[in-house]
A.B. asks: 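Below is one structure. I have some questions about it.
Naming: A, B, ... by sequence-line order, numbering from 1 per chain. Given the structure is predicted, the values throughout are model-derived calculations rather than measurements.
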Amino acid sequence: MFELPFQSELLYDVPLNLEATLFCGQAFRWQKLGEDTFQAVVYGEILRLTALQPNRLLIGSTAECINSKSLRDFVWHYLGLEDDVSTLLPASFIQTYPHLYQGASAYFGLRLLRQEPFETLVSFMCAQGVGIALIRRQTTFTSQSFGDFIAITEYKFPTPEQLANAPIGKLTRCTNNNAHRARHIRAISMAVARGDLNLAQLSAPHCDFETARETLLRYSGIGEKIADCVCLFGLGHHTAFPIDTHVRQYLEAWFGLSTHTTSLTSKEYRRLSDAARRILGAEQAGLAGQLLFHYWRKDVKHMKAF
DNA sequence: CCCCAGGCAGCGC
DNA sequence: GCGCTGCATGGG
């Protein structure tokens, strides 16, 4: 393995299931280096996390931190360690669905990442009808093709300006050879670069969830699910409840929330996510939904996280 | 070979 | 408003 230019290292005790956290946040560029070691570029810095033992992380970062406290704050916020998942689900839920609470409790080490908004936006625009491995390949290749070099094989995620000026053919090779997707990503990058789309302004608490969602939905390439994902993972709107194929499955299996239509129309999407917010508590519905999502995929569908 | 993978837009009806 | 189709590719 190459030696990376780490400026600081920190050993820290955290109540965290590392794999579940990275999966939940769906930080698509996290790569698994070893059995318990993961590495990614986070806000332009290389971050490496190693689980030395349960609840004990070795954190390496290329960020030049004055002291360990600023690195601790950086990581603490990014990994969403301020959230307490063990008190997440409402008492009414625990009472009504004790078996689900029991099963999901194995994943209380899961957290909601605070990802960079533009990277979140583009990453989820690459997440249509493909598997996670293929999504990660797209975002990694996009960074290598258009982002600034950092070290060894690591590149920053491109800026809106870099993607706004991307030749469409070159960008298409980064988006799973999907030219529609490349055009959508370039168009929205131009909107961000010009200031027509201000992601910081759409972030909580300056902006309410519905406004942020409606604003994102105006852009081609963004539908209900991706708008919710960007709101949840990139803009801090934790009431957002993204419904994908897996969530739709468990909503029906566990809560009897089904649709008479085969495809999930806009109207039905809203009906289901509103119902889910009532069951899981509106305030933290997104994180609660991710908890059930992870439980569903791992224990019921027997899928691997990475 | 078939089906599914963290969907969305465009179209006909 | 609903349902079908194209988009591309890898893995089970």
A.B. asks: For the pair A:Tyr107 and A:Tyr295, name the ring-plane relationship: parallel under 30°, tilted 30 to 60°, perpendicular over 60°.
C.D. replies: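 A:Tyr107 vs A:Tyr295 ring planes: tilted.
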A.B. asks: Considering only C:dC2, C:dC4, B:dG6, which nucleotide approaches the side chain of A:Thr262 most closely?
C.D. replies: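 Within the option list, the nearest is C:dC4.
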A.B. asks: What's A:Asn177 touching, base or sugar-phosphate or nothing? Going by heavy atoms closer than 4.0 Å.
C.D. replies: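 Here A:Asn177 touches the backbone only, sparing every base.
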A.B. asks: Please state whether the phosphate of C:dC7, meaning OP1 or OP2, lies under 4.0 angstrom from any side-chain nitrogen or oxygen of A:His180.
C.D. replies: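 No, no such contact exists.
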A.B. asks: Take A:Phe255 and A:Tyr97 through the test ring-ring contact (aromatic ring centres under 6.0 Å, His included) and record every step on the way to the result.
C.D. replies: CA-CA 9 Å; A:Phe255 306 110; A:Tyr97 307 100; 4.9 Å; yes
A.B. asks: Using a cut-off of less than 4.0 Å, is there contact between a side-chain N or O of A:Arg181 and OP1 or OP2 of B:dC8?
C.D. replies: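 A:Arg181 to B:dC8 OP1/OP2: no side-chain N or O under 4.0 Å.
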A.B. asks: Indicate yes or no: does A:Asp73 engage A:Lys69 in a salt bridge with an N to O separation below 4.0 Å.
C.D. replies: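 Looking at A:Asp73 and A:Lys69, the cut-off is met.
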A.B. asks: If the threshold is 4.0 Å, N to carboxylate O, is there a salt bridge linking A:Arg277 and A:Glu283?
C.D. replies: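 No, A:Arg277 and A:Glu283 are not salt-bridged.
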A.B. asks: Identify whether any heavy atom of A:Ala179 sits under 4.0 Å from a base atom; if not, whether one sits that close to sugar-phosphate; answer base, sugar-phosphate or nothing.
C.D. replies: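 If one applies the 4.0 Å heavy-atom cut-off, A:Ala179 turns out to touch the sugar-phosphate alone, with no base involved.
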A.B. asks: Select base, sugar-phosphate, or nothing to describe what A:Ser220 touches, counting heavy atoms under 4.0 Å on all strands.
C.D. replies: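 Counting heavy atoms under 4.0 Å across all strands, the contact made by A:Ser220 is with sugar-phosphate only.
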A.B. asks: Between the base of B:dG6 and the side chain of A:Gln290, is there any donor-acceptor pair under 3.5 Å?
C.D. replies: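 Answer is yes: a donor-acceptor pair is held.
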A.B. asks: What is the distance from CG of A:Asn176 to P of B:dC8, rounded to the nearest Å?
C.D. replies: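 Going from A:Asn176 (CG) to B:dC8 (P), I get 16 Å.
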A.B. asks: Round to a whole Å and report the spacing from CZ of A:Arg270 to P of C:dC2.
C.D. replies: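 These atoms are roughly 15 Å apart.
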A.B. asks: Base, sugar-phosphate, or nothing: which does A:Tyr219 touch, judged by heavy atoms less than 4.0 Å apart?
C.D. replies: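 The answer is sugar-phosphate, as A:Tyr219 gets under 4.0 Å only of primed atoms, P, OP1 or OP2.
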A.B. asks: Report yes if at least one side-chain N or O of A:Thr265 is closer than 4.0 Å to OP1 or OP2 of C:dC2; otherwise report no.
C.D. replies: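 Checking A:Thr265 against C:dC2: at least one side-chain N or O falls below 4.0 Å of OP1 or OP2.
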A.B. asks: Describe the nucleic acid contact of A:Ile226 in one word from base, sugar-phosphate, nothing, applying a heavy-atom distance below 4.0 Å.
C.D. replies: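 Contact class for A:Ile226: sugar-phosphate only.
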A.B. asks: Take the protein atom CG of A:Leu272 and the nucleotide atom P of B:dG6, then report the distance between them rounded to whole Å.
C.D. replies: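 The answer, rounded to whole Å, is 20 Å.
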A.B. asks: Measure from the side-chain heavy atoms of A:Gln249 and tell me the nearest of C:dG3, B:dA5, B:dG6.
C.D. replies: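 Shortest atom-to-atom distance from the side chain points to B:dA5.
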A.B. asks: When the distance from NE2 of A:His184 to C1' of C:dC7 is rounded to whole Å, what number comes out?
C.D. replies: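 Interatomic distance, NE2 of A:His184 to C1' of C:dC7: 11 Å.
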A.B. asks: Between C:dT5 and B:dG6, how far is it from one P atom to the other, in whole Å?
C.D. replies: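 Looking at atom P only, C:dT5 and B:dG6 are 23 Å apart.
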A.B. asks: Is A:Ile222 touching bases, backbone alone, or none of the nucleic acid, heavy atoms closer than 4.0 Å?
C.D. replies: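 Sugar-phosphate, no base atom in range.
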A.B. asks: Find which nucleotide of DNA chain B each of A:Gly131 and A:Tyr269 is nearest to by heavy atoms, and output the residue with the more 5' nucleotide.
C.D. replies: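 Residue closer to the 5' terminus by nearest nucleotide: A:Gly131.
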